[in-house]
K.L.:
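Have a look at the structure that comes next, please.
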Amino acid sequence: MAKKKQIEVDLNSGWAYAPAPESKGHIKIKPQYNQFIGGKFVKPSNGKYFDTINPANSEKLSSIALGNAKDVDKAVRAARKAYSEVWSKLSGKERGKYIFRIARLIQERAREFSVIESLDGGKTIRESRDVDVPLAANHFFYYAGWADKLEYAFPNKRPTSLGVAGQIIPWNFPLLMAAWKIAPALAAGNTVVLKPAETTSLTALKLAELIKDSGLPDGVVNIVTGFGDTGAAIVNHPDVNKVAFTGSTGVGKIIQRAIAGTNKKCTLELGGKAANIIFEDASINQAVEGIVNGIYFNQGHVCCAGSRLFVQESVYEEVIRKLKDRMNTLIVGDPMDKNTDIGAINSKEQLDIINKYIKIGQQEGAEFYQPACKLPQKGNWCPPTLFTNVSQSSRITQEEIFGPVLAVQTFRTVDEVIAKANNTPYGLSAGIWTDKGAKIFNMTTKMRAGVVWANTYNKFDPTSPFGGYKESGFGREGGLHGLSAYLNLN
Amino acid sequence: MIRIKSKDLLPDFKFSPAVDQVGIEERTARFQTRSIKSETKVVGLKKVLNMIDLTTLEGKDTPGKVKQMCYKAQHLHDSIPDLPSTAAVCVYPSMVSLAKAELIGSGVKVASVSTAFPSGQAPMEVKIGDTKFAVDQGADEIDMVISRGRFHTGDYNFVFDEIAAIKEACGKARLKVILETGELGTLDKVRRASDIAMYAGADFIKTSTGKISVAATMPVTLVMLEAIKDYYYKTGIMIGMKPAGGISKAKLALHYLVMVRETLGDAWLTNEWFRFGASSLANDVLMQLVKQETGAYQSADYFSID
Amino acid sequence: MAKTVTKKNVKVLENINGVAKTNRLLVLKTYKIYIGGKFPRTESGRYYELKDSSGNLLANMCLSSRKDYRNAVVAARGASGPWAERAAFNRSQILYRIGEMLEGRRAQFVDELMQMGSSKLSAEQEVDLSIDRLIYYAGWCDKYTQIFSSINPVASAHFNFSVPEATGVVAAITSESTGLLGLVSIIAPVIAGGNSIIALASETHALCAISFAEVINSSDVPGGVVNIITGKEDELHKHMSTHMDVNSFIYAGSNAEHLKTIQVNAADNVKRILDYSKVEWNSEEGQSPYFISDHQETKTTWHPIENIGGSSSKY
């Protein structure tokens, strides 16, 4: 009979995994990428380029065209021309076939896209391979089928396309967000000018190559690259009929103000600070998986991340112990290694923001925990981080950190946790963990959030509408609901 | 011989923790994305060999068959130097003394099934007699089956007491308790049966008899590993785990090791605490080991069937 | 506050009672505002004169202040949750009740509209259409959810569905040109969908807005679900649109500059803006379940589906 000593399991030593690098020999990244306008790859009008960096080793991957308002204008004109001369005249059936083609081409080149996504953005190859790229292909496949069925989507309405859609996407899911934006826009009969985030332009430009291969008429999809002012030029362009933005709430508000007084239709998918709520009657082991998946998926660069954990007091010790155990099994490091769980932080700027909040958390007196893990010398890294003993008024529980940082609070009653969970300007997502069905329905109904995961977390599907309440934005992406963002309903 | 001294410490097994099947399956899928390469793979494969309970449990078992298997357990593939032996051989009680004799000095243990294996549909006296016979014949380990029928009727006390009685009959032999998870219906019940077995005195919990079509799976094994971990945190007592049946490929076996490592830690990665109940796994592991050494994919013709 | 007795008021009474002539001094109504189920005067003490087309004073209306609006938002916030959680069937019955009450006071509203300049025919049409519109939306209360919901066939082992939920607190600047129909056409779908509302009545057609508040107040509508204030769009639109506890904003006025200001201010807390300035309330397009869905948020819920043995229904 074993003696009762310090009881803990050691998950950090012994049989360790040898490096298992994804091969990248077959991947071609050109030294320079131009913008995709009117079906051609064109140089930026000012001749300027900026570097795109591999955040895992700080090395330059390629140069990207620095688009300005002139380039945006060119792209909008190309999109308008394609809209009025070709795309709006095409039947839904034919539009759909083009979109199906794009889906298929992504599937064929899936591994290549995964590798480039991981190189450029720092996310693990496991996630880009198993999540981002397949979901992107599926999204095109799903919306392709809608193109000739729009009149079934909205009872008693005659849907018509809007025209040119200006779309601005973030760096956390570069290809997937491009798919979320482009697929429904095309299915609904619009043409597109899309700007990827400046740190992650590569897969959007590879997508442009693929779109060219698909034979999609010139100008239906245009991709301009650059920084915030390039995006602003899209938002402010008078011939853009629709603005779709995914990114921070701060920028979302700027966009909402910018289009005031215009007839531009707008959807915003903004920040979040989701509550992930663990009740004492939950399947605790699976709930711990849900916590990990909720906050450490994609380095916590997820707008719907479960960054506020609420644990019922009776199971608090158990949950925290199990969470720490699980954190010790997470492998932080080279995104290209198939065994890596947490990759590189997307940019130096983002790492600074995360570190700032970690410092704030420590100054606020919260208990801080990070598992011991070896980090690579070069690149941007942040180990999975846990703050316990925080309160509702701590800044780390109020503000979106967008990194692998979890703030834990306890609660006693259902009413208390509902009030605390909703006590935020955000309303994108929430998580509920309990084995009791009646409690699930009460909780999921009371959460002021657009996506509620019960006994699961961070699940996405093309058929499933996604989007926020309150300052997390308006409009939905995915599913039937995602179509209305790109249609006039007459 | 109940290890829990006070009855107050016994949980009400009706309230064993709930298990979410989809969550469990997502977790096991995640283990299977672990890529095991080069030295890690070689070390892992050798661990696997050393964790095997080489098994024959057939009506047509003969002394000849058991002898051959006992030789194989000690000489897995003599052309590779420094190979371990298997952990044990697993046989019916009638074959224990023979196996014991064949394995003298090898370190390979003899495990015997008992308690009217595989159905367990026999009176208590018969089960105790069955167990005592096997122990008297020299069995180092006893693999008992729980009374699934009684379990399904909700008679957890009966199941508990039966395990405790068999544990007592085992004496020094280590007791593996077979839950026959393929007959339990849900993962919640797998968890409940695991808890009953551990609190009643099991040294190991084991998935299956190998006699029904759904034997060991990664989700079922993970549920049991989590039960072991929770029990360990509650009592400080380590319990072993034995998935049995259906694990015949080296790659899958390695993923079981990954699962053990990331759930319970390295301390469980020895044959004292983890076993594979398998008959054909060893050869696939051997083929992989030779492939690692030579770089060439192997043919079954070059590996002995015993 | 003393009231001037006008010829018009006398005539009204004659019409209502069908009496040829009376010398009886009329008892006139003080038009107050409606906040949280009560009829306070504006906290500011200010008023504006509502006159008929000939320049005769109809009433001194409350010139509501930003504080009145703030009080109304507090009332609306308090009422919104419980209202949204009422059974849809119950909301349906309450909307129907509003229709019943309005029907019972049909003549009063016709008369008020006529005082404010409508012809008898158009006043009658407007009241009839308003009553019918309430009945229309009463019927939608327990149906729109079915129209706008979906079961989403996700590829993983999860049950996934999307349902509309009330956005919360809605503020509205209503149509200036209609006194009753524009107000009813905005309030009805918003509350049918479980929201609460603060509506700024038409400045120049305010009489029946307050009378409509009396109808609401006698129709089992919980206090705070509907709040109606009177005053000037020019003065209030900025404050109304900056309020951080308002989730959604309807503009049915006609001032493009005001709309733009509202849209800019709305960004402070990412309010949803609904521009109804071009809607013809008098036509078929003035009613539709899409006016309900305008103030709904889509909530998508996921839950795993357990299936141990790969069991199938096999029929």
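Just so it is clear: chains get the letters A, B, ... in the order the sequence lines come, proteins before strands, and each one is counted from 1.
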K.L.:
Are more than 12 heavy atoms from other residues, nucleotides or ligands located less than 6.0 Å from atom OH of C/Y290?
P.N.:
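Atom OH in C/Y290 is packed in, count exceeds 12.
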K.L.:
Is it the case that atom CZ in C/R66 sees more than 12 heavy atoms from other parts of the structure closer than 6.0 Å?
P.N.:
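No - once you tally the heavy atoms of other residues, nucleotides and ligands closer than 6.0 Å, there are 12 at most.
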K.L.:
Work out which heavy atom in B/V22 is nearest to a heavy atom in C/I305; give both atom names and the distance.
P.N.:
CG2-O, 3.2 Å
K.L.:
For atom NZ of C/K67, decide whether the heavy atoms of other residues, nucleotides or ligands shown that lie under 6.0 angstrom number more than 12.
P.N.:
no
K.L.:
Would you say NZ of C/K260 has more than 12 non-hydrogen atoms from neighbouring residues, nucleotides or ligands within 6.0 angstrom?
P.N.:
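No.
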K.L.:
Is it the backbone or the side chain of B/V19 that comes under 4.5 Å from a heavy atom of chain C, or both, or neither?
P.N.:
backbone
K.L.:
With a strict 4.5 Å heavy-atom criterion, list every residue of residues 175-184 of chain B that contacts chain C, or say none.
P.N.:
none
K.L.:
Do B/I24 and C/E306 come close enough that some side-chain heavy atom pair is under 4.5 Å?
P.N.:
no
